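Below is one structure, written out as structure tokens, with a few remarks after it.
Small disclaimer: the values here were computed from a predicted structure and weren't measured. Just so we're on the same page: letters track the sequence lines, and every chain starts at 1.
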2 protein chains.
Amino acid sequence: MHENQISPSEWEIMRVVWTTHPITSKEINDILKEKKEWKLATTKTLIGRLVKKGLLSTEQKGRKYEYSPLVSEKESIDESIDDLLDQMCDTKVGRSVETILEKSVVSKSDLERLEALIEKKKADAPKEVKCTCTPGQCSCVH
Amino acid sequence: MHENQISPSEWEIMRVVWTTHPITSKEINDILKEKKEWKLATTKTLIGRLVKKGLLSTEQKGRKYEYSPLVSEKESIDESIDDLLDQMCDTKVGRSVETILEKSVVSKSDLERLEALIEKKKADAPKEVKCTCTPGQCSCVH
DNA sequence: TTATATAGTTTACAACTGTAAACGTAAAAT
DNA sequence: ATTTTACGTTTACAGTTGTAAACTATATAA
């Protein structure tokens, strides 16, 4: 599990800051008013936690602060993906990708890039993926 | 967010029970000894919580219980996937699938199935995925 | 200049998690 | 028959998360 996990509520904040920064707590709260019924105090608590976790930086501007991200959205998403993959047997990843693809709308160019990637992977894809699970935690034969 | 979320430690238990059931707490613990340095008490606490959450059923066998899953592994994984997708803009899903595929080993037949799915999706894939984010939570132009 | 609106910080508090000891009870071993 | 062992249940306790009120300091408006 990754340390400094970003909780679901904290993600809401991070997404705002990734989109616009530097940004103040008030501005963050205004944007989130649309989606969450949070008191300003709630937003501030979450911001404080993110600062403490080292995920947001602060810069004092007069009597207020402006916040900026210290981690990128891509790396954060990638960590979430890692955590997801860590909880399933390697042999199930292919099926899961299929599931994601089935339930999502992706663009033509996404599909083209994926197709190219698949073509490339075909070269050295194994016939069967090797399972590395602890014996008893998946049905693969060990 | 899905209610009755399965926590990382609880996943360890569930994976064992999905693989073998019905199964006793002792057997679960024996299997997990390989991977986690948990006291038997810890395993039992986690089992108890899973029963309370309605994710494991119990059947009394003499003086002990045997546990079985009340939710399937697939549906649980699918919920995890949903939670992952919920935290990113729809337009980023394609890229994320690519990331997963890049960092994983998938089998030839996985790749073939994926290819077929892509071919099918191409028919009505949009040129650009529509973003449905709350304004200010992603960089798409609204 | 005093009251009010803003900022950030501290404190709060319940639910969930990780990790386990303690407890009560029934079965098995001596 | 008594001690030990094996089970499940209860209690514990700190850390995280969701949600926010209270507090403090300052800037601004009256």
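- The distance from atom CD1 of A:Ile81 to atom CD1 of B:Ile100, rounded to the nearest 0.5 Å, is 4.5 Å.
- Regarding A:Leu40, its CG atom lies at a distance of 8 Å from the P atom of C:dA7, rounded to whole Å.
- The interatomic distance linking A:Leu56 (CG) with C:dG8 (C1') rounds to 14 Å, in whole Å.
- B:Lys44 places its NZ atom 19 Å from the P atom of D:dA12, with the value rounded to the nearest Å.
- Spacing between atom NZ of A:Lys52 and atom C1' of C:dT10 amounts to 11 Å, rounded to whole angstrom units.
- Neither side chain, A:Ser9 nor A:Ser7, offers a donor N or O lying under 3.5 Å from an acceptor on the other.
- Other residues, nucleotides and ligands contribute at most 12 non-hydrogen atoms within 6.0 Å of the CD atom of A:Glu37.
- Between the A:Lys53 side chain and the A:Gln5 main chain, a donor and an acceptor come within less than 3.5 Å of each other.
- Across the protein-nucleic acid pair, B:Glu27 atom CD and D:dG8 atom C1' stand 15 Å apart, rounded to whole Å.
- In this structure, the side chain to side chain contact (heavy atoms under 4.5 Å, CB included) partners of A:Glu102, at least two apart in sequence or on a different chain, are A:Glu98, B:Leu117.
- Look at CD1 on A:Ile47: it is 15 Å from P on D:dT19, rounded to the nearest Å.
- Where pairing requires Watson-Crick or G-U contacts shorter than 3.5 Å, the helical stems of DNA chain D with at least three consecutive pairs are C:1-30 with D:1-30.
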List the protein contact pattern of nucleotides 15-30 of chain C with one symbol per nucleotide (5' to 3'): B for base contact, S for sugar-phosphate-only contact, - for none; contact means a heavy-atom distance under 4.0 Å.
--BBBBB-----S---
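- Rounded to whole Å, the distance from CD1 on A:Ile23 to C1' on C:dA7 is 16 Å.
- Without hydrogens or angle criteria, B:Lys26 side chain to B:Leu40 main chain gives no donor-acceptor distance under 3.5 Å.
- Residue-environment remark: NZ (B:Lys120) stays at or below the threshold of 12 foreign heavy atoms within 6.0 Å.
- What separates NZ of A:Lys26 from P of D:dA27 is a distance of 18 Å, to the nearest Å.
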Side-chain polar contacts of residues 13-25 of chain A - donor-acceptor pairs under 3.5 angstrom, sequence neighbours left out - could you list them?
from    : atom 1 : to       : atom 2 : distance (Å)
A:Arg15 : NE     : B:Gln137 : O      : 3.4
A:Trp18 : NE1    : A:Val71  : O      : 2.8
A:Thr19 : OG1    : A:Arg15  : O      : 2.7
A:Thr19 : OG1    : B:Gly136 : O      : 3.4
A:Thr19 : OG1    : B:Gln137 : O      : 3.4
A:Thr19 : OG1    : B:Cys138 : N      : 3.1
A:His21 : ND1    : A:Val17  : O      : 2.8
A:Thr24 : OG1    : A:Glu27  : N      : 3.2
A:Thr24 : OG1    : A:Glu27  : OE1    : 3.3

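- Looking at residues two or more places apart in sequence or on another chain, you find a side chain to side chain donor-acceptor pair (under 3.5 Å) between B:Asp82 and A:Lys103.
- For the residue pair B:Ser80/A:Gln87, the side-chain donor-acceptor check at 3.5 Å is satisfied.
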Within the sub-3.5 Å range, which N or O atoms of nucleotides 1-3 of chain D have a protein N or O partner, and how far apart are they?
none

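- Residue contacts for B:Lys64: at a heavy-atom cut-off of 4.0 Å it reaches the sugar-phosphate backbone alone, with no base atom in range.
- Between the side chain of A:Lys108 and the backbone N or O of B:Pro126, no donor-acceptor pair lies under 3.5 Å.
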